[in-house]
A.B. asks: 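Got a structure for you, written out below as structure tokens; questions coming shortly.
Numbers for residues simply follow the sequence, beginning at 1.
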Amino acid sequence: MSTLNDDLLDTIEFLVNRHRLHTRLPVELGPLLDRFEIRKHNFTPMTMGFAFVRPKSMHIGINKNLKIDEQRMAIAHEAAHIIANQAGQLFVCRTSDWSRDRDEREAQLIAACLLIPLRVVAENYYPGAAPQLARALKVPADLIELRWSFARVHGDI
């Protein structure tokens, strides 16, 4: 299980509060994404998306062939690379690839924190509940599991 440092956790909390991300369910990332140019592309099934940072603009591309819950996760994941201020200009996420690379794990964990309010997993999670919660939040079930696991390891629940 990857973890996030305190500065990054503070940044996530700041963004969630500033943009009131967790006030509506499912979470809408719109206000957070105002500075990004987002496009959908016809990628192969292996590619979820990419983030590309230029001096005066930030681009996110996601696979238009993904289900809506996966597209939402991909957008949050790609934005997370930039939120985390990771080194580099281009980040490409392949399907289920985030477990192999520290930056990808960090981005996936940030995506879970952005899209899944702590209170939702604290109040509603139990073994087997992830698919139902995922449908309600319009995210993949494994993202629910990741958010719950992180909250447990971090001592939040």
A.B. asks: Walk me through whether Met73 and Gln108 qualify under side chain to side chain contact (heavy atoms under 4.5 Å, CB included).
C.D. replies: CA-CA 8 Å; Met73 178 185 70; Gln108 193 66 359; 3.0 Å; yes
A.B. asks: Taking all non-hydrogen atoms of both residues, which atom of Ala79 and which atom of Ile60 are closest, and how far apart?
C.D. replies: N-CD1, 3.7 Å
A.B. asks: Please report the shortest heavy-atom distance between His41 and Gly61, naming the atom on each side.
C.D. replies: CD2-CA, 3.7 Å
A.B. asks: Which heavy atom in Ile12 sits nearest to a heavy atom in Cys113, and how many Å separate them?
C.D. replies: CG2-CB, 4.1 Å
A.B. asks: So do the side chains of Met48 and Leu66 get within less than 4.5 Å of each other, counting heavy atoms only?
C.D. replies: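 Touching, per the 4.5 Å side-chain cut-off.
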A.B. asks: Taking the side chain from Asn63 and the backbone from Thr44, do they hold a donor-acceptor pair closer than 3.5 Å?
C.D. replies: yes
A.B. asks: Which residues pass the side chain to side chain contact (heavy atoms under 4.5 Å, CB included) test with Asp10, sequence neighbours left out?
C.D. replies: none
A.B. asks: In terms of the angle between their ring planes, are Trp148 and Tyr125 parallel, tilted or perpendicular, with boundaries placed at 30° and 60°?
C.D. replies: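 If you compare the ring of Trp148 with that of Tyr125, the planes turn out parallel.
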A.B. asks: Got a sec, which pairs hit salt bridge (Lys or Arg N to Asp or Glu O under 4.0 Å) with one end in residues 63-78, sequence neighbours left out?
C.D. replies: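 Every salt bridge (Lys or Arg N to Asp or Glu O under 4.0 Å) pair that includes a residue of residues 63-78, provided the two are not neighbours, is Glu28-Arg72.
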A.B. asks: Is there a side chain to side chain contact (heavy atoms under 4.5 Å, CB included) between Leu118 and Arg147 once you walk through the steps?
C.D. replies: CA-CA 8 Å; Leu118 175 62; Arg147 182 67 179 104; 3.4 Å; yes
A.B. asks: So His154 and Leu9, do their side chains get closer than 4.5 Å, heavy atoms only?
C.D. replies: yes
A.B. asks: Establish whether Phe14 and Leu21 are linked, either directly or via other cluster members, by ILVMFWY side-chain heavy-atom contacts under 4.5 Å.
C.D. replies: yes
A.B. asks: Going by atom type alone, with no hydrogens or angles, which donor-acceptor pairs under 3.5 Å involve a side-chain atom of residues 80-88 and a protein atom two or more places apart or on another chain?
C.D. replies:
unit_1, atom_1, unit_2, atom_2, d
His81, ND1, Gln86, OE1, 2.4
His81, NE2, His77, NE2, 3.2
His81, NE2, Glu104, OE1, 3.4
His81, NE2, Glu104, OE2, 3.3
Gln86, NE2, Asp103, O, 3.0
Gln86, NE2, Glu106, OE1, 2.8

A.B. asks: To the nearest 0.5 Å, tell me how far Leu109 CG sits from Leu4 CG.
C.D. replies: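 Going from the CG atom of Leu109 to the CG atom of Leu4 covers 4.0 Å.
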A.B. asks: From Leu15 CG over to Arg20 CZ, what is the distance, rounded to the nearest 0.5 angstrom?
C.D. replies: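 Between Leu15 CG and Arg20 CZ, I get 15.0 Å after rounding to 0.5 Å.
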A.B. asks: Taking all heavy atoms of Val139 and all of Leu143, pick out the closest pair and write down the distance.
C.D. replies: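 Looks like CB-CD2, 4.1 Å.
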A.B. asks: Atom CG of residue position Asn5 - does it have more than 12 heavy atoms of other residues, nucleotides or ligands inside 6.0 Å?
C.D. replies: yes
A.B. asks: How far apart are the closest heavy atoms of Ala130 and Ala141, and which atoms are they?
C.D. replies: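 Minimum heavy-atom contact is CB-O, 3.9 Å.
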A.B. asks: With a 4.5 Å cut-off on side-chain heavy atoms, are Arg119 and Leu25 touching?
C.D. replies: yes
A.B. asks: Report yes if the side chains of Val27 and Leu137 come closer than 4.5 Å at any heavy-atom pair, otherwise no.
C.D. replies: no
A.B. asks: Could you measure the distance from the CG atom of Leu114 to the NE2 atom of His22? Nearest 0.5 Å is fine.
C.D. replies: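 Output value for this atom pair is 6.5 Å.
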A.B. asks: Closer than 3.5 angstrom, by distance alone: can the side chain of Thr47 be matched with the main-chain N or O of Phe43 as a donor-acceptor pair?
C.D. replies: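 No, the answer is negative, given that no donor and acceptor are paired below the 3.5 Å cut-off.
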A.B. asks: Salt-bridge test for Arg39 and Glu37: reply yes if a basic N is under 4.0 Å from a carboxylate O, no otherwise.
C.D. replies: yes
A.B. asks: Begin with the C-alpha distance, continue with both residues' side-chain angles, and end with the deciding distance and a verdict on side chain to side chain contact (heavy atoms under 4.5 Å, CB included) for Phe50 and Leu90.
C.D. replies: CA-CA 7 Å; Phe50 71 87; Leu90 177 66; 4.2 Å; yes
